[in-house]
A.B. asks: 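Below you'll find the structure I mean.
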Amino acid sequence: MIPDMILFILLAIVAVTSALGMLLSRSAVYSALNLVLNFGTVAVLYLLLGAPFIALAQITVYAGAIMVLFLFVIMLLGVEQLRKGSALPWQQTLAIISGLLLLALTAYVIFIRPMTLPQVSPTQLGFGTPGAIGEILFNKYLLPFEVTSVLLLVAMIGAIVLTGKREPKTKT
Amino acid sequence: MIPISYYLIFAAALFCIGLFGVLARRNAIAILMGIELMLNAVNVNLISFWRYATPEKINGQVFAVIVFAVAAAEVAVGLAIFISVYRRRGTVSADEIDLLKW
């Protein structure tokens, strides 16, 4: 119990700090690297929760594929830093206020409602393995799985269409 | 066992940081990163509720897997849109992409 708690607190601190670092760093590359650190610590939290498959998927999909895509686009476009421009007035202040308001609201709801969840049995061996998840994914959740694959296909076609070179058309 | 409210507070903090990023950043790619952070916080919520509410079923992890796929699709389309916008307008600043504004 105590080591779990220490690990959780350490991971939470690192994750929140790296998320804040993502916000505060001026350069988009540093933001992306901070986000990679954040995703890595959240993956360790998944391990702490007893979900090894999700943790590995988090590393490969989020920290691997998605963030490499981000870094690739940032370097391709060369937009590490935006030039100074006219920012909207009050934008930062309003964003801070709304973020803190949402945080206060969720904290209030979480602490005011009694959590009456059943006591959890200790994790048994071989729990949450990729095999078990695959079995339920291909039996009970076959239709959502197929719909997800169609969604990925549509996203791929959309990305190709959006970034493909086109002949400049004359304006009608 | 760590109380579930700790996980929920942690996820709420991540979500709010992501929300602040979406609202306050001017770089459109950083806005997309904020959205990723919010999706990640949702995943933490899903997994912790699965762990504490119905740990004998494995259904909760399936939702997290589907959220992964949705996040990947969203990033692919979003970054493609920004590449296209950059080609046409030469910037990815969210303040200057104002074609829909009049």
Side-chain angles (χ1 to χ4, degrees), chain A residues 1 4-5 8 12 15-16 19-20 22-23 28 31-32 35 39 42 45-46 49-51 53-54 57 61 65-66 69-70 73-74 77 79 82 85 87-88 91-92 95-96 98-99 102-103 106-107 110-111 115 117 120-121 128 132-133 136-137 141 144 148 151-152 155-156 158-159 162-163, chain B residues 1-10 12-21 23-27 29-30 32-33 36-37 40 43-44 47-48 50-53 55-56 58-59 61-62 64-66 68-77 79-84 86 92-93 95-96:
Chain A
M1 159 123 194
D4 274 13
M5 192 58 112
F8 173 79
V16 171
L20 285 174
M22 181 209 104
L23 281 185
S31 288
L35 203 52
F39 287 157
V42 172
L45 268 183
Y46 290 153
L49 277 167
F53 175 70
I54 301 295
V61 176
I66 291 180
L69 198 60
F70 265 111
V73 169
I74 290 167
L77 298 185
V79 288
L82 291 178
L88 293 175
Q91 187 184 10
Q92 298 267 338
I96 289 175
S98 40
L102 183 62
L103 185 60
T106 29
I110 287 168
F111 281 123
M115 290 282 170
L117 289 175
V120 186
S121 58
I133 294 172
I136 197 167
L137 202 57
Y141 291 102
T148 311
L151 175 76
L152 282 173
M156 193 173 75
L162 278 170
T163 53
Chain B
M1 203 80 195
I2 302 162
I4 186 175
S5 43
Y6 286 27
Y7 281 104
L8 298 185
I9 287 289
F10 169 69
L14 278 192
F15 191 91
C16 293
I17 293 170
L19 178 71
F20 173 75
L23 291 177
R25 292 297 295 260
R26 287 174 54 238
N27 195 335
I29 292 175
L32 211 55
M33 283 187 216
E36 287 305 304
L37 202 59
N40 200 32
N43 254 349
V44 173
I47 295 289
S48 55
W50 157 75
R51 185 74 181 84
Y52 285 82
E56 69 281 356
I58 211 150
N59 301 1
Q61 298 201 18
V62 174
V65 171
I66 290 175
F68 280 145
V70 171
E74 174 246 327
V75 163
V77 175
L79 288 176
I81 288 173
F82 292 146
I83 290 176
S84 182
Y86 188 79
V92 287
S93 169
D95 294 340
E96 293 170 43

A.B. asks: Taking every non-hydrogen pair under 4.5 Å, which of Asn59(B), Val75(B), Leu32(B), Ile81(B) racks up the most with chain A?
C.D. replies: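 Greatest number of close heavy-atom pairs with chain A: Asn59(B).
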A.B. asks: What part of Glu36(B) is in contact with chain A, defined as an atom under 4.5 angstrom from a non-hydrogen atom: side chain, backbone, both or neither?
C.D. replies: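 When you check distances to chain A, atoms from both the backbone and side chain of Glu36(B) fall under 4.5 Å.
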A.B. asks: Of the options Leu77(A), Val73(A), Ile66(A), Ile74(A), which is the one that meets Leu79(B) in a side-chain contact (heavy atoms from CB on, under 4.5 Å)?
C.D. replies: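 Only one of Leu77(A), Val73(A), Ile66(A), Ile74(A) forms a side-chain contact (heavy atoms from CB on, under 4.5 Å) with Leu79(B), namely Val73(A).
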A.B. asks: Provide the closest heavy-atom pair for Cys16(B) versus Gly99(A) in the form atom of the first, atom of the second, distance.
C.D. replies: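 Closest approach of Cys16(B) to Gly99(A): SG-O, 3.5 Å.
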A.B. asks: Just give me the residue among Ile17(B), Leu14(B), Leu19(B) that pairs up with chain A most often, heavy atom to heavy atom, under 4.5 Å.
C.D. replies: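 Looking at each option in turn, the highest pair count goes to Ile17(B).
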A.B. asks: Does the side chain of Ser48(B) come within less than 4.5 Å of Leu49(A)'s, by heavy atoms?
C.D. replies: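 They are in side-chain contact.
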A.B. asks: Specify the closest pair of heavy atoms between Tyr46(A) and Val44(B), including all atoms of both residues, with the distance to one decimal.
C.D. replies: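 Looks like OH-N, 3.4 Å.
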A.B. asks: Go through the atoms of Ser31(A) and report whether side chain, backbone, both or neither lie under 4.5 Å from a heavy atom of chain B.
C.D. replies: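 Contact with chain B: backbone and side chain both.
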A.B. asks: Do the non-hydrogen side-chain atoms of Ile83(B) and Leu162(A) ever get within less than 4.5 Å of each other?
C.D. replies: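 Ile83(B) vs Leu162(A): side chains apart.
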A.B. asks: Could you tell me which portion of Phe15(B) (side chain, backbone, both or neither) has an atom closer than 4.5 angstrom to a non-hydrogen atom of chain A?
C.D. replies: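 Just the side chain, heavy atoms under 4.5 Å.
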A.B. asks: Considering non-hydrogen atoms only, spot the tightest contact between Ala51(A) and Gln61(B) and give its length.
C.D. replies: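 Of all heavy-atom pairs spanning Ala51(A) and Gln61(B), the closest is CB-NE2, 3.6 Å.
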A.B. asks: Identify which of Ile47(B), Val70(B), Val65(B) forms the greatest number of heavy-atom pairs closer than 4.5 Å to chain A.
C.D. replies: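 Most heavy-atom pairs under 4.5 Å with chain A: Ile47(B).
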A.B. asks: Side chains of Tyr141(A) and Ile66(B): closer than 4.5 Å at any heavy-atom pair?
C.D. replies: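 The answer is no; the side chains never approach within 4.5 Å.
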A.B. asks: Among Ala28(A), Ala107(A), Pro144(A), Ala19(A), which has the most heavy-atom pairs under 4.5 Å with chain B?
C.D. replies: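 Of the candidates given, the most pairs with chain B belong to Ala19(A).
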A.B. asks: Can you tell which of Val61(A), Leu137(A), Leu102(A), Val16(A) has the highest number of heavy-atom pairs within less than 4.5 Å of chain B?
C.D. replies: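 Highest number of pairs under 4.5 Å: Leu102(A).
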A.B. asks: Going by the angle between their ring planes, with limits at 30° and 60°, are Phe8(A) and Phe10(B) parallel, tilted or perpendicular?
C.D. replies: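 Phe8(A) and Phe10(B): perpendicular rings.
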A.B. asks: Could you pull out the closest heavy-atom pair between Arg25(B) and Met22(A), with the gap in Å?
C.D. replies: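 Nearest pair, atom of Arg25(B) first, then Met22(A): NH1-O, 3.1 Å.
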A.B. asks: For the interface with chain B, which of Thr106(A), Leu45(A), Leu23(A) has the highest count of heavy-atom pairs at distances below 4.5 Å?
C.D. replies: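 Maximum pair count with chain B is reached by Leu23(A).
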A.B. asks: Identify the heavy atoms of Ala69(B) and Thr148(A) that sit nearest to each other, and give their distance.
C.D. replies: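 Closest heavy-atom pair between Ala69(B) and Thr148(A): CB-CG2, 3.2 Å.
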A.B. asks: Considering only heavy atoms and a distance below 4.5 Å, find which of Ala12(B), Ala72(B), Ala64(B), Ala24(B) pairs most often with chain A.
C.D. replies: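 Among the listed options, the one with the most contacts to chain A is Ala24(B).
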A.B. asks: Looking at CD1 of Ile54(A) and CH2 of Trp50(B), how far apart are the two atoms once the value is rounded to the nearest 0.5 Å?
C.D. replies: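 Those atoms lie 8.0 Å apart.
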A.B. asks: Distance from Phe20(B) atom CZ to Leu20(A) atom CG, nearest 0.5 Å?
C.D. replies: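 It comes to 9.0 Å.
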A.B. asks: Tell me, side chain or backbone of Ala57(A) under 4.5 Å from chain B's heavy atoms, or both, or neither?
C.D. replies: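 Interface part for Ala57(A): both.
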A.B. asks: Counting heavy-atom pairs closer than 4.5 Å to chain A, which one of Asn40(B), Val77(B), Leu23(B) comes out on top?
C.D. replies: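 The candidate making the most pairs under 4.5 Å is Asn40(B).
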